[in-house]
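Naming: A, B, ... by sequence-line order, numbering from 1 per chain. Since the structure is predicted, the reported quantities are computational estimates derived from the model, not experimental observations.
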Amino acid sequence: MAGSIPDKPQLEGLEAKWAQSWETDGTYRFDRARGLSRGSDGVFAVDTPPPTASGSLHIGHVFSYTHMDLQARYQRMRGQEIFYPMGWDDNGLPTERRVQNYYGVRCDPSLPYEEGFTPPFERGEGAKDQQQVPISRRNFVELCEKLTVEDEKQFEDLWRTLGLSVDWSLTYRTIDDHSQRTAQTAFLRNLARGEAYQSDAPTLWDITFRTAVAQAELEDRDQPAAYHKVTFHGPADDETVIIVTTRPELIPACVALVAHPDDTRYQHLFGKTVRTPLFGVEVPVKAHHLAQQDKGTGIAMVCTFGDVTDVIWWRELDLPTRPMLGEDGRVSETPPTEFNAPGASERYAELVGKTVFSAKAQIVEMLAESGDLIGEPEKITHPVKFFEKGDKPLEIVTTRQWYITNGSRDEDLKNRLLQRGQDVAFHPDFMRVRYDNWVGGLSGDWLISRQRFFGVPIPVWYQVGESGEVNRDEVIVPDEAMLPVDPASQPAPGFTEDQRGVPGGFVGEADIMDTWATSCLTPQIAGGWVSDPELFGLVFPYDLRSQGQDIIRTWLFSTVLRSELEHGTVPWKNAGISGFIVDPDRKKMSKSKGNVVTPQGMLDEHGSDAVRYWAASSRLGTDAAFDPQNPKLIKIGRRLAIKVLNASKFAYSFTGDGGEVTEPLDIDMLARLGQVIDEATKAYEAFDHARALETTESFFWTFCDDYLELVKERAYRDQADPGQQSAVTALRLALDAMLRLLAPVIPFATEEVWSWRHEGSIHQAAWPTSTELNLPANPHGGVFELASEALVQIRRAKTDRQLSQRHPVATVTMSAPELLEQVKADLMALGHIDELELKPSETIELVEFVPAEGE
RNA sequence: GGGCCUGUAGCUCAGUUGGUUAGAGCGCCACGUUUACACCGUGGAUGUCGGGGGUUCGAGUCCCUCCGGGCCCACCA
C-alpha cells in the first residue's frame, strides 16, 4: 500500500508536507475538460472575496474563508468539478495610504514621471515628522503595484498554510489588466444602456482624501457639538426669528429658513424673507413637512450644505446654491453670494482659508459681538456622517460625478433586485433581511467616481470645444477591443496626444472607479466574462458566494446589481454569510486586539487543523467568541486531530484482509456509522458544516472510547479467527469513512492518515455513503449502544472501588436486555471479567460485582 | 425611531415538526503508570432554560409582555 505508518505520528510538519504535495499533484486544480463533460450542474463554482491586499489578515478572515473551504471540499468529494479561484483587492484608498506611509511619498498628479525613482525609505521606517515626497501619478501607481505584489505573496502563503483548497493558478488582482478590462467593459455597457451617467450634484465629500464617497461607505460617529441660538432679522425692521444650529459657520451659505406647514408660530412668515445675521442676506422662509416642530425652535436654517436634510430642502424647495467650502474643507476665497450688511465682506474675508472648526469659533465670536447669539451654546453629542476609512466629518460639496443606477430612483429595478434577493439562497436565511433593508433604504444612485489615483480609470474622454471649454456632455468612449485604457495617459480615439487639453481636442477623465465597482465583478473577472466565454458559460451563475455579514450592503449588493444589469440573472445560487469574531466580553473584536494574535502565529502555534476546527464549529451567520489567551476550541481541535492520528495508527495496525463482517457488534457499529454519514451529508447539503462536524466528531469519540476498546482483544487474535477478521474489516471500513467525513475540517491529519493505506488524495476520494458499508438489510439494532452502557456500569464499579480499569474481576452479574448476550465475549475481555452472568431485563443494572483477589 | 439576531451548567455552545428524569465539550473534583494516544483514559458533581403572563393533557421549544446583550439602518436644525 501507499505509505507506511509512523511509530509516533505527529501534527507538526503536516502543513508544509501536504501543501507541497497538493501543489505538485494539482489536487485542487480546476479540470476544464472534466467540467465541460459534466456541464454546468457538475461544476461547483465559488466566488471568493478578494481580501484587501494592503490590509492585514485577521482572525475573522480565517473564520470566513475556512467556512467557504469546507463547502468546497465537501462538494469536491461529492464529485463536483470545483472552480475555486482567489483574488486580491489591490486598488483603493487603503493601498494608497499604506504606500504613503511605507515609502514616504504622496501623489501629485501634476508632476511628471521620474524614471528610476527611488523612494525615501521602505517599510515605513522614515522619521515621524518626515515630509512625504510628492511624486507623479505613474510613479505612485508603480509603488502601489510593487507593494501589493509583496503583500499578496504573504497572503497566499497564509492561505496555503491554512489549507484552503484554492486553485492557485486562477489567481487574479483587481488592478491587473484583465480586471481593468472587465471593469471598464462593464462600465461602458452600463453607459451604453443608460445605467451609468454623470451628474452635477451635492455629494458627500471627504476633505482629507479629497474624494466623493458613496452611501455604502458611510458610518455614523458620535461627535461633540453645540446648539447655537442665533437671531435672524425681519421681515419688519424690529422683528426677529430665532433659529438653533450646530453649524453657525455656515451662515454665509444660508439659503432659506424652513418650518413645518402646520406650525402656527411661523405660518405668518411663509412667503416672506428674513435677513441673515452678520451678512444681511435676504433668505425666504419656507414650509416643508420634514421640519420638526419640537426640534430646536421649530425653524431650521438651510445651508448649502450642512447636512443631507439641507440637500433635500434645497432640491424640493428649489433653493439657490451658495457653496462656501472648498474641496479641502476650508472656507473658499469666493464669497457664496452677495452680502448686504455693512462690514459683511470684511467679516467673510476673515474666514477665508479657515477650517470648519476655526471658522465656527470665529463666527461665534462675531455673533456674540453683534448680539445675534443668544445665551451660551449648549454642548451636545450627536451622530455625524463619516467616510468609514476617514477621520474628519464629511462635508457636502457640489461636484460632477459618475453614477450607476441602483434602483433607488427606479421602482422596476428595485423590485427586480428584491426578487434577485429572493432567488439567492441565503445561509442563514435571515441574512436576506439585511439585503432587503439596504435595497429598500437606498437614497440615491451609486456614486462610483473617486478623485483618487490607484484604481481602474473611468474609460472616457471629453471633447474640448473650439473656444477651449471642456464639454462634459460630449463623452468619447473607446472601443471594447482597446481596453484597458487610461484616459489620463492615452489619447482619445481619433485624436493624438498633442491634442490633449487644446481647443478642438480632448481631455481624459481623471477619476477612477470606486473599488467596489471592480470587486463587485469578481464572478465576471475570475470566470473570464470578457475573454473566455466557454469558461464563463460553465461557471456563471456561480454556486456559492461566501462572505462576512459586514459587506452585504457593499460587496453582496453591488454584485447582485451588476449581474442583474448585465446578465439579468443572479450571480450565484447560494450566499453563505459568516458571523464575526467577538471578544470574550461580547464586543466586536477590535482591530488592535485582533492583531495581537496574527493568523500566522495561531497556525504556527496550534496547527492549521486545530484552527480550522475552531472555525468549523461555528454555524454560518453566528458570531464566535474568541479569547486569544485561552483558545479552547482550537485546543479541542488539536486534540481531535491528534486522536485521529493515533486511533488510525492503532486501528490500521491489525493484520488480515478481506474477512467478512459477521459479529453483531461490528455490524451494529457500522449501522450507526451509516446513520452518521447520512446525517453529516444532509447537514453539508444544508450548508450546516457545524452540525456535520458535531455529529461526526461525537461518533468518532464513541468509536475510540468504546468500540475500539471492545474489539481490541478480538482484533489481536489470530487471523484464522472469524471474529478477528470481522473486527479488522469493520475497523477499516469505519475509519475509511470517518476520515473522509472529517477531511473538510482537518484536511492535513486526514490526508496524512489516508496516505498510509490509500493511493491518491483523500480530498479527491468519494464522499462516504451509508450504502458502501454493505450493511445487511436488517442490522442488529442497538447492540453497540447497549454495550457502551454496560461498559459504563463496569467502569464505574471499578472506579468506585478505586481499582485500575485493568483490574481482574471474578464475577459480574448484570441485568440487561437479551441483546447484550451478543457482545458478552468482548465485554468480558475488555473488563478482564472471568465470569459474566446476564439476567434478562428491560434496563441495564449491575447486580453483583466481585473483583479478583490480590494482584 | 425602525429592523434583525441573541439570552440554556462557572465558560463556549447543542437542543430538528411542542413529548419521558434538559445535553455535549471545556473547566472543576476523584481515580487510573491499560502493549494507539499523558497532546491519555475512567467516573463524578453542577441548571428558577433572562423575568412574568397565556395556549396546551404536556412548553427550553408556540403566542403576548417586560428586561438584558449585540449588530444594521435612520432626515446630524
Taking only side-chain N and O atoms of [X], does any of them lie within less than 4.0 angstrom of OP1 or OP2 on [N]?
| X | N | value |
| --- | --- | --- |
| A:K8 | B:A38 | yes |
| A:Q215 | B:A74 | yes |
| A:R796 | B:G44 | yes |

Watson-Crick or G-U wobble mate for [N], both contacts under 3.5 Å:
| N | answer |
| --- | --- |
| B:G10 | B:C26 |
| B:C4 | B:G70 |
| B:G19 | B:C57 |

Would you classify [X] as touching base, sugar-phosphate or nothing, given that sugar-phosphate means primed atoms plus P, OP1 and OP2, and contacts are heavy atoms under 4.0 Å?
| X | value |
| --- | --- |
| A:Q223 | nothing |
| A:A651 | nothing |
| A:R638 | base |
| A:E12 | nothing |
| A:V384 | base |

List the residues meeting side chain to side chain donor-acceptor pair (under 3.5 Å) with [X], not counting sequence neighbours, and say none if there are none.
| X | result |
| --- | --- |
| A:S653 | none |
| A:W205 | none |
| A:E685 | A:Y74 |

Test: A:K712 and A:E709 ion pair at under 4.0 Å: yes
Sidechain N-carboxylate O distance under 4.0 Å for A:D318, A:K286: no
Specify the separation, in whole Å, of atom [atom1] of [X] and atom [atom2] of [N].
| X | N | atom1 | atom2 | result |
| --- | --- | --- | --- | --- |
| A:L633 | B:A24 | CG | P | 17 Å |
| A:L710 | B:U34 | CG | C1' | 14 Å |
| A:L620 | B:C5 | CG | P | 16 Å |
| A:R432 | B:C4 | CZ | P | 14 Å |
| A:F703 | B:A36 | CZ | C1' | 11 Å |
| A:R434 | B:C4 | CZ | C1' | 6 Å |
| A:H288 | B:C75 | NE2 | P | 14 Å |
| A:E697 | B:A14 | CD | P | 14 Å |

Hey, what are the protein-to-nucleotides 25-33 of chain B N/O distances that come in under 3.5 Å?
| residue | atom | partner | partner atom | Å |
| --- | --- | --- | --- | --- |
| B:C26 | OP1 | A:R639 | NH2 | 3.3 |

Rounded [atom1] spacing from [N] to [M] in Å:
| N | M | atom1 | value |
| --- | --- | --- | --- |
| B:G52 | B:C5 | P | 24 Å |
| B:A9 | B:U46 | C1' | 6 Å |
| B:A24 | B:A14 | P | 16 Å |
| B:A30 | B:C13 | P | 29 Å |
| B:U8 | B:G69 | P | 14 Å |
| B:U17 | B:G60 | P | 16 Å |
| B:G10 | B:G51 | P | 14 Å |
| B:C31 | B:G50 | P | 37 Å |

Backbone of A:T695 reached by a side-chain donor or acceptor of A:E679 within 3.5 Å: no
Side-chain donor-acceptor contact under 3.5 Å, A:S617 with A:E694: no
Atom CG of A:D7 with >12 non-hydrogen neighbours under 6.0 angstrom: no
NZ/A:K229: more than 12 non-hydrogen atoms of other groups inside 6.0 Å: no
Partner set under side-chain contact (heavy atoms from CB on, under 4.5 Å) for A:V255, not counting sequence neighbours: A:V302, A:T304, A:L319, A:P320, A:R322
Contacts of type side-chain contact (heavy atoms from CB on, under 4.5 Å), residue A:D436, not counting sequence neighbours: A:L418, A:Q422, A:R432
Which nucleotide in the set [options] lies at the smallest distance from any side-chain heavy atom of [X]?
| X | options | result |
| --- | --- | --- |
| A:K385 | B:C76, B:A36, B:C5 | B:C76 |
| A:N646 | B:C73, B:C37, B:G43 | B:C37 |
| A:V433 | B:C4, B:A14, B:C76 | B:C4 |
| A:R553 | B:C4, B:C73, B:C76 | B:C73 |
| A:Y716 | B:U35, B:U42, B:C4 | B:U35 |

Value rounded to 0.5 Å, distance of CH2 in A:W446 from OG in A:S408: 12.5 Å
Polar pair under 3.5 Å, donor/acceptor by atom type, side chain A:K643, base B:C37: yes
Donor/acceptor link under 3.5 angstrom from A:E709 side chain onto base of B:A36: yes
Salt bridge (Lys or Arg N to Asp or Glu O under 4.0 Å) pairs, two or more places apart, involving residues 631-646 of chain A: A:E12-A:R638
RNA chain B contacts among residues 604-614 of chain A, heavy-atom distance under 4.0 Å: none
Near-strand residues of residues 296-315 of chain A, defined as heavy-atom separation under 4.0 angstrom from RNA chain B: A:A300, A:D307, A:V308, A:T309
Ring geometry between A:F626 and A:W614 (parallel below 30°, tilted from 30 to 60°, perpendicular above 60°): tilted
Geometric class of the A:Y716/A:F654 ring pair [parallel <30°, tilted 30-60°, perpendicular >60°]: perpendicular
Taking only N/O atoms, report every protein-nucleotides 16-19 of chain B pair under 3.5 Å with atom names and distance.
none

Contacts of A:R691 that satisfy salt bridge (charged side-chain N to carboxylate O under 4.0 Å, His left out) - sequence neighbours left out: A:D688
With sequence neighbours excluded, residues passing salt bridge (charged side-chain N to carboxylate O under 4.0 Å, His left out) with A:D826: A:R714
Comparing A:N437 and A:W701 on RNA chain B - which has the more 5′ nearest nucleotide: A:N437
Contact summary for A:H427 and A:A686, nearest pair of heavy atoms: ND1-O, 4.2 Å
